[in-house]
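Written below as structure tokens is the structure these notes are about.
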Amino acid sequence: MADPSLTLERLFRDAIVAAFGPEQGAVDPLLRPSQFADYQVNAALGLAKVLERPPRQVAEQILAGLPLGGAIASAEIAGPGFINVVLSNEFLSGAVRDVAESGNLGLEPTANPDVVVIDYSSPNVAKEMHVGHLRSTIIGDAIARVLEARGHRVIRQNHFGDWGTPFGMLIEHLLDGGAEAAEHSVSDLNAFYRAARAKFDSDPQFAERSRQRVVLLQSGDPGTLQMWQQLVQASQAYFERIYALLGVGLRGEHNAGESIYNPRLAGVVAALTEQGLAVEDDGAMCVFPPGFKGRDDKPLPLIIRKKDGGYGYATTDLAAVRYRTVELGGTRLIYVLGSPQSQHLQMVFSAAALAGWLAPPARAEHVAFGSVLGADGKMFKTRDGEVVRLVDLLDDAVRRAKSVVHEKNPELSEDEQAQIARIVGIGAVKYADLSSDRIKDYVFDYDRMLAFEGNTAPYLQYAHARCRSILRKAEVELPSASAAHIETPEERALALALLSFPSVVAAVEDSLEPHRLCGYLFALATTFSTFFQSCPVLKANSPAERDSRLVLTDLTARTLSAGLGLLGIVAPDRM
RNA sequence: GCGCCUGUAGCUCAGCUGGAUAGAGCAUCGGACUUCGGAUCCGAGGGUCGUAGGUUCGAAUCCUACCGGGCGCGCCA
């Protein structure tokens, strides 16, 4: 029980019961960080209304049942009925020692593990990855890491767009160009796709061949399947190179493209029809989940079988829900998709629930995110109005990071500079994406994300490297955790920050909002900087004080490194 | 037309699910032991929280209406 807030919550819950009886046992003490103390408890104000008594009097009664002298150094009533709580140095010191020797930074596995099935990244085969995929990939990866750290079983699903009508034209184009086109498809996917599209639009004969090819593909024609496979494999190899560059934990084993649901689609329609959930409408089979209306107040359909007998994405998405709960045993389905798909997903969830494929405790969540904007505040594009290739964007970030690293630290070897540039450049891109509330759009700006000031990855990486540097310079074995003694205000602030790491990770686990972790890490880094400024470590007044501060420095480094790690960002030892 | 998201300092963003005087970073201005990594730290100025009502001890946060921006809304994914 390293996190002081857990101890305090328990103590205050007990005190509330002691004061007002077990019927108030469920009352939340409303423990919050405070600018006036270490924490403040706000429960008295709410209780006052229920009990019809003056708030300050209620607060006094709570305090009467509170044991002093242990964790709590002081607890005082302030203002209308707030209780300001200050922890004792002994308690803080003990908590820091516990965490420092625990090896897991206070992160305990959850008592209620889920089988999490998380759908993210999901690029389209035979199409270039672009900024649109950046957010899903980065956010999904961070969330997967956080949930794993909390002890959930996490199943990653890369829901590739590897099926459907475009593959008719892509295969025909591949056939027209032969092997040369296959090579081409890997080196410049955008051009390959555009060329196929152009032919499809301008050449009716080609368009007809393409439609025939789709039929062949869906009916399982071996020759067609082989060509399709060729396209898929080339793309997957390409994506994996990007994932490696990004440091994202997606591998072949996580591939779960739309095609895997092909054999399951007919069953989905059959099941929904049998249950009476699907009805025919204008020649198509539709499910009308309640509560969704379109223009003219007409109910909105999920079209699960088109007029021509084909299946669209709604059917695939329903098959995926069914697969993830029934076959994979998922209890928490997570979809990391842009916010425009919100309504569609809600309809899918609703229909799946009606069909019994999404029943408690299983539930589904849409982790929605906004767009990446350019400096002009519009959708991020190149000067020619083209979508930005993800590789170009990442290469650019690494290149810029390299010139910064070269300028700031020229004595590092060329190899080291290159390696650090990659860590810093990629980290900057990821952190910029993760550090603001994901539902909002954000402006992509190399200069700001690579700045060493402010809430950026380089600043955090620098703070970590500085800690490591001190530990190197100490030229002694790291003192044992028992050396930790918290005394000064700066040490107290740092200790409080370090100890709240687990509760922040838990908050992200719950909200699926990585920016909370970013905000925490930034606050931790600035708190450390303040500590570092006024509390000499290597030049401390006594060996005991030095050892204590070395423990704090080491714990800060480990927390920064682990926190960044949960975001998928590497913290180098020097930079 | 209906629905979802969004509006906080000059700029970029937080605000822990209703708590005290709304906070950071850039930028601006002023400082710091002749640097345990100054790639740092301390301080100052800067706000009708889009607008108007409402709910209550208390609202940036919840409710309603309006204004401005973005995105969806039947056989594409």
Side-chain angles (χ1 to χ4, degrees), chain A residues 30 32-36 40 42 45-46 48-49 54-55 78-82 84 122 124 159 161 163-166 258 281-286 291-308 310-314 316-317 337-344 346 368 370-371 373 377-379 404 407-409 432 435-437 439-443 445 447-448 451-456 458-459 461-463 465-470 473-474 500 503-504 507 511 513 515-516 518-520 522-523 526 529-530 532-534 536-540 546 549 553 574-575:
Chain A
L30 297 175
R32 301 280 183 267
S34 174
Q35 51 182 321
F36 304 103
Q40 65 183 58
N42 300 335
L45 295 134
K49 200 182 312 181
F82 303 107
N84 289 337
S122 306
N124 293 311
H159 193 80
W163 203 249
T165 44
E258 294 170 348
D281 191 283
D282 197 15
M285 288 302 285
C286 302
F292 295 92
K293 306 225 160 133
R295 295 180 209 278
D296 309 324
D297 241 24
K298 283 199 290 194
L300 267 182
L302 271 175
I303 295 168
I304 59 170
R305 196 175 62 209
K306 298 187 283 186
K307 208 187 300 193
D308 65 6
Y311 304 106
Y313 57 96
T316 307
D317 288 339
L337 284 175
S339 51
Q341 316 223 30
S342 174
Q343 183 178 254
H344 166 70
Q346 294 311 322
S371 310
L373 307 178
K378 299 187 175 158
M379 296 292 277
V404 178
E407 180 197 332
K408 303 275 192 190
N409 216 341
S435 58
S436 66
D437 191 355
I439 197 66
K440 296 183 184 173
D441 299 344
Y442 78 95
V443 176
D445 180 343
D447 290 335
R448 199 165 46 246
F452 286 80
E453 304 89 27
N455 191 7
T456 66
Y459 175 82
Q461 288 167 325
Y462 170 67
R466 219 158 47 143
C467 292
R468 300 299 312 169
S469 169
I470 295 162
K473 284 225 172 86
S500 56
S503 64
V504 172
S511 65
E513 291 172 348
H515 78 285
R516 297 188 188 218
C518 297
Y520 165 79
F522 180 59
T526 55
S529 283
T530 303
F532 182 67
Q533 199 71 22
S534 54
V537 178
L538 300 180
K539 297 173 185 168
R546 189 198 62 163
R549 289 174 179 174
T553 302
R574 58 186 96 220
M575 58 192 282

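In the text below, chain A, chain B and the rest are named by the order of the sequence lines, each starting its count at 1.
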(message) Is it the case that B:G1 (base atoms only) and A:D297 (side chain only) share a donor and an acceptor within less than 3.5 Å, ignoring hydrogens and angles?
(response) no
(message) Say we look at B:G50 and B:A22: how far apart would their P atoms be, to the nearest angstrom?
(response) 15 Å
(message) Over all strands shown, is A:Q40 touching base, sugar-phosphate only, or nothing at heavy-atom distances under 4.0 angstrom?
(response) base
(message) Any donor-acceptor pair, under 3.5 Å, between the side chain of A:N42 and the base of B:A20, if you only look at N and O atoms?
(response) no
(request) Just compare B:G74, B:G25, B:A77 and give me whichever is closest to any side-chain atom of A:E453. (result) B:G25
(message) Is the shortest side-chain heavy-atom distance between A:Q343 and A:F292 below 4.5 Å?
(response) yes
(request) May I ask you to verify whether the side chain of A:D282 and the base of B:C75 hold a donor-acceptor pair under 3.5 Å? (result) yes
(request) Would you please confirm or rule out a distance under 4.0 Å between OP1 or OP2 of B:A77 and any side-chain N or O of A:H159? (result) no
(message) Can you tell me if A:K306 touches the phosphate of B:C76, counting only side-chain N or O atoms and a distance under 4.0 Å to OP1 or OP2?
(response) yes
(request) Return the nearest nucleotide to the side chain of A:I439; candidates are B:C13, B:A77, B:C5. (result) B:C5
(request) Would you please test A:R468 and A:T553 for side chain to side chain donor-acceptor pair (under 3.5 Å) and show each step? (result) CA-CA 8 Å; A:R468 300 299 312 169; A:T553 302; over 6 Å; no
(message) Does A:Q341 reach a base, just sugar-phosphate, or nothing at all? Heavy atoms under 4.0 Å.
(response) base
(message) For B:C41 and A:S529 - does any side-chain N or O of the residue sit under 4.0 Å from the phosphate oxygens OP1/OP2?
(response) yes
(request) Could you state the atom-to-atom distance from CG of A:L300 to P of B:C75 in whole Å? (result) 11 Å
(message) Taking syn as a glycosidic torsion within 90° of 0 and anything else as anti, which one is B:U55?
(response) anti
(request) Using only side-chain N and O atoms of A:R448, determine if any of them is under 4.0 Å from OP1 or OP2 of B:C13. (result) no
(message) Rounding to an integer number of angstrom, what distance separates B:C5 and B:C63 when you compare their P atoms?
(response) 10 Å
(request) Taking atom P in both B:U17 and B:C62, compute the distance separating them and give it to the nearest angstrom. (result) 12 Å
(message) Nearest whole Å is fine: how far is B:U12 P from A:D441 CG?
(response) 12 Å
(request) Would you mind reporting whether A:S469 and A:R574 have side-chain heavy atoms less than 4.5 Å apart? (result) no
(request) For B:G74 and B:G69, measure between their P atoms and round to the nearest Å. (result) 24 Å
(request) Answer yes or no: side-chain N or O of A:Y462 and base N or O of B:A39 forming a donor-acceptor pair under 3.5 Å. (result) no
(message) Considering every strand and a 4.0 Å limit on heavy-atom distances, what is the contact class for A:P33: base, sugar-phosphate, or nothing?
(response) base
(message) Without decimals, in angstroms, what is the distance between A:L45 CG and B:G19 P?
(response) 11 Å
(message) Can you tell me which nucleotide in B:U6, B:U17, B:C36 comes closest to the side chain of A:R32?
(response) B:U17
(request) Determine whether A:Y459 and A:S529 make a side-chain contact, defined as any pair of heavy atoms from C-beta on separated by less than 4.5 Å. (result) yes
(message) Measuring only the C1' atom in each nucleotide, how far is B:G46 from B:C29? A whole number of Å is fine.
(response) 12 Å
(request) Identify which nucleotide among B:A77, B:A39, B:G38 has an atom closest to any side-chain atom of A:F452, counting heavy atoms from C-beta outward. (result) B:A39
(message) Below the 4.0 Å mark, does B:C42 have OP1 or OP2 next to a side-chain nitrogen or oxygen of A:T530?
(response) yes
(message) Under 4.0 Å from OP1 or OP2 of B:A14: is there any side-chain N or O of A:K440 that close?
(response) yes
(request) Please report, rounded to the nearest Å, how far the P atom of B:C16 is from the OH atom of A:Y520. (result) 18 Å
(message) Taking 5.5 Å and 30° as the limits, would you call A:F532 and the base of B:C36 a stacked pair?
(response) yes
(request) Name the nucleic acid region contacted by A:H344, choosing base, sugar-phosphate or nothing; use a 4.0 angstrom heavy-atom cut-off, strictly under. (result) nothing
(message) Taking the side chain as everything from C-beta on, heavy atoms only, tell me whether A:L538 gets closer than 4.5 Å to A:R549.
(response) no
(request) With rounding to the nearest 0.5 Å, note down the distance linking CD in A:Q461 to CZ in A:F452. (result) 8.0 Å
(request) Let me know the distance between CZ of A:F522 and P of B:C16, rounded to the nearest Å. (result) 18 Å
(message) Classify A:D317 by what it touches in the nucleic acid, base, sugar-phosphate, or nothing, heavy-atom distance under 4.0 Å.
(response) nothing
(request) For residues A:L45 and A:F82, determine if any side-chain heavy atom of one lies less than 4.5 Å from a side-chain heavy atom of the other. (result) yes
(request) Look at A:K307 and B:C75 and indicate whether a side-chain polar atom (N or O) is within less than 4.0 Å of OP1 or OP2. (result) no
(request) Between B:U21 and B:G25, how far apart are the P atoms? Round to whole Å, please. (result) 22 Å
(message) From NZ of A:K378 over to P of B:C71, roughly how many Å is that when rounded to an integer?
(response) 11 Å
(message) Rounding to an integer number of Å, can you tell me how far A:D437 CG sits from B:C13 P?
(response) 11 Å
(message) I'd like the P distance from B:C4 over to B:U64, given in whole Å.
(response) 10 Å
(request) Write down the distance separating the P atoms in B:G15 and B:G31, rounded off to the nearest Å. (result) 35 Å
(message) Checking contacts here: which listed nucleotide (B:A32, B:G74, B:A39) is nearest the side-chain heavy atoms of A:Q533?
(response) B:A32
(message) When you measure from the side-chain N and O atoms of A:Y459 to the phosphate of B:C41, is any distance below 4.0 Å, counting only OP1 and OP2?
(response) yes
(message) Within the structure provided, determine whether A:Y313 and A:E258 are in side-chain contact (heavy-atom separation under 4.5 Å).
(response) no
